[in-house]
Amino acid sequence: MSRILVVDDDEAIRRFVTVLLEDEGHEVVSAVHGADALDVVAADDAFDLIVLDMRMPVMDGSEFLEQVAGRDPQPRMLVMTAARDLTEQSPAVRNAAHISKPFDLDAFLASVGRLLDDPPTSPDARPLADPRSRVAPQSQHDD
Amino acid sequence: MSQRTRILLVIALAMLPLLAFVIFQLWRDQDRGIQRIQRIQRIERDREALARAAALAADAFVEGHLSTVRALALAPVIADRPPTADRTETLTRLLAANPDWQGLSVVDADGWNLSTGNGTAPHTVNIADRPYFQRVMATGEPVVSSAIISRLSGLPSVVLAAAIQFASGERGVLVAPLPTGRLAESLRTRIARADVSIVVVDAEGHIFVDPDPERAIALASLLGRPDAVAALRGESGSRVLRIDGTDTLSAYAPVPGLGWAAILTEPTAHAFASVRTTLRTSLIILALAVATVAGAGWYFGGRLSRAYDAMSDSRREANSARTEAERQSEQAQFLSTCSRELAESLDSTTTLQHAAALCVPTLGDWCAVDVVQGDRIERVAISHADPAKAGAAHELARRYPPLIDAPSGPGAAIASGQPSLLTHVSDAQLQAIARDERHLELLRSLGLRSALAVPLRARGRTIGALTLVLATRAEAYAPDEVRLVSEVASRAAVAADNARLYGDLQDALGTRDAFLASAAHDLRTPLTAIKGSVQLLQRQLARKPDDLPEHLADGLTTVDTTATRMAQMLDSLLDLALLHFGRALELDRRPTDLAALARRVAAEEAQASALHTICVSGDDSLIGEWDAARLHRVISNLLGNATKYSPAGGVVRVHVSGTHETAECPGARAVFSITDEELGIPRAEVGRVFERFRRGSNVVGRIAGTGLGLGGARQIVEQHGGTIFIDSDEGAGTTVTVALPLRAGRMGADRPDREKTEGAIVSVASPAAPAGGASA
């Protein structure tokens, strides 16, 4: 069992992700935007994975990534993004593992499973999650 | 040199030979004068000689007769005393022998005539009172008397008298009157000059030979005339006298033995006729020469002048035309350079800075460009020919920006829309312009002498002004320079305006792209919620399969599939929009199995359409570097069309095969074809179905569709460097064949119109790139 923080401003998404992960046996905490998530992390940083939306009010995912970039150990991140072009995003976002919205739950769970299998990393290290491991749900998910 | 001066010069040149001729003539005239004098002298000497000859002839004539008379006086028959009848007869015979004599008489010592040859009775005539008788009686020498008028004939005569010594010892005188008519005739015969009058005067100056007999008869005296006086003095010579109102050449000589004078007179008109003719001829020649030279000078001067005028006119015209052409060529070249350089930047301010730099130093010593910003003017560009003064120009712009309500300069040009020209700026004017001491100091240091501000106008709007200043040149801007500067300003304004429009357009494009991205993002979020929630429900229900009603499970699947299609359509629409705006897709190339992809899409389509059988044949696996999500869309679209346009159902065949690169056939590629057997497309319309919103005419109104799909499919295929080909005919079914290079850039390498796409592909295709692109 892992502790997972789900950060998304969309309540429906937040809810089904939470239920899905809880069904899989994980302990899930949710936050509605980056600043909220920062508060949660500040109070309790023992999360194995943070599932992070990008576009959110108050503080977006990109800024949250920068805020937590220096933490040790670096929390594992799975970025959910509805944007298609990531070239304009910060390196922290580009280097994180992604899953494009909308996605199939099988693909999502596969990504979560791979990330949780990786050991935690130090801030100096490159994220262990291979960016190429992000899932293209319509084409490359494991059927 | 003015026309008048040139004509005068030409005339003077033409007169030069005339002047030379006149000078030459003057010089020669001096010589000729001498010659003339010499000729006159020669004529005078000639006449004098003639006069001498006449004098000698007269002397000889008289002496001859006198000798005869003397000889007769010695003859015994004459000297017989007393007189005899024989003597009278002898005298008569002698008189007959000497017809010149008017008479011949023997006179006794008392003066009485003793015997007379002409029948006069003796002792009837006494000549004792006659001076010649007395002289003969006194001297015994023969004497020629002074001129007298003969009592017998009334003619002028001289009397020849010779002493007779009679045999008786008495003395007597033989007298023979000689009329001078014979002498005159003799002289005229001898001289034989028609125009020469021969006059002979006796010792008392009385004329007794004269062409005018009246004068001779009158025995007019010539004692008052200098020639006669000189001749009677024994001088010979000639002189010009005025006689009876006529200039007359008089030549005179004394008759030696008789004390007479012979005077030859001739009007000078005759005497010097030859000299005068020569002079006249010279004058005529001179006049003709002068006239000829003057005429020729005038004529050729005129011709030369006209020719010179024409030549200089044409040369001036040619020169001015050439200068004008050169000037225009330079201006055109300058304007062309301006246009080229002004078009280089797409930034408005940079463009105006280019304009300022271009104008210096060609059009002025320094240049400033101001643009209107609301209700004030901002100086955006300064260029100075002298780098040392550029600082002052910048300080001027910073501390004393131009005022929009200034009476002259950029403010005035902007306000009026017309050029504002400041000429010959004086220090007083600078003082008037200056806002304070430092301002004046700056203006003075920049050396403003004249300035020109022209408005920058584009699309009917004044966006600013271009100001040029002359600091070193004294002359102000000429009208054609104002035009040139205005032209430069116009081009700068248009270029700057275009740059601004381009910037606006870029902003608008950015806004549009941002909107598209944002809209897509916003639409994907609810789709994510729908799909996630439905799949969660499916998972939860799947754990209790007994409780799951079949229709509910099917419904959830339909919701999920529909949401997926919506997401695909959203991606498709977004791609199409980007492609329509000329933006290349950022392909997310990664190793993809085309055969597996085709099978999956076929399965999805089969699920959606129960009427159709979809058969996939060909290679089991075909790996290439492609954007899987987009190829998914292409295949899905083509299969969708195939099922959609065969509404009665049937078999749709998908065939996937690959070719391998060989030496002969470079560029390995994948080919897949999708064939249906139904409606097909009218052959004439096959080429047009790729156009957006274009659909086959046989399906419009019968089958739902937007006409967007096939165009998008082709764009994606072509961005991959591939080709798409449709073979169809109405009622004969349709085969769509797609060929794709296995790797980026291979198949399209020989297709230049794909370069943009390839560039985009290559930049994303590197396996090392950590960032991924889009996946649907």
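Note that the structure is a prediction, hence the values are computed from the model and not measured. Chain identifiers are assigned alphabetically (A, B, ...) following the order of the sequence lines, protein sequences preceding nucleic acid strands; residue numbering begins at 1 within each chain.
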Partner of B/Lys531 by side-chain hydrogen bond (donor to acceptor under 3.5 Å, both in side chains), out of B/Thr562, B/Asp560, B/Thr561: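 Of B/Thr562, B/Asp560, B/Thr561, side-chain hydrogen bond (donor to acceptor under 3.5 Å, both in side chains) with B/Lys531 is met by B/Asp560 alone.
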
Quick check on the interface: out of B/Leu537, B/Asp522, B/Leu523, B/Thr528, who has the most heavy-atom pairs with chain A under 4.5 Å? B/Thr528

Between chain A and each of B/Ala563, B/Ala529, B/Ala596, count heavy-atom pairs under 4.5 Å; write down the option with the most.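 With the most close heavy-atom pairs to chain A, the winner is B/Ala529.
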
Salt bridge B/Glu625-B/Arg743, side-chain N to carboxylate O under 4.0 Å: no

Within a reach of under 6.0 Å around CE of A/Met59, are more than 12 heavy atoms found that belong to other residues, nucleotides or ligands?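 For A/Met59, atom CE is crowded (more than 12 foreign heavy atoms under 6.0 Å).
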
One option among A/Asp53, A/Asp23, A/Asp8 has the most heavy-atom pairs under 4.5 Å with chain B, and it is A/Asp23

Using 30° and 60° as the class boundaries, would you call the ring planes of A/Phe16 and A/Phe103 parallel, tilted or perpendicular? tilted

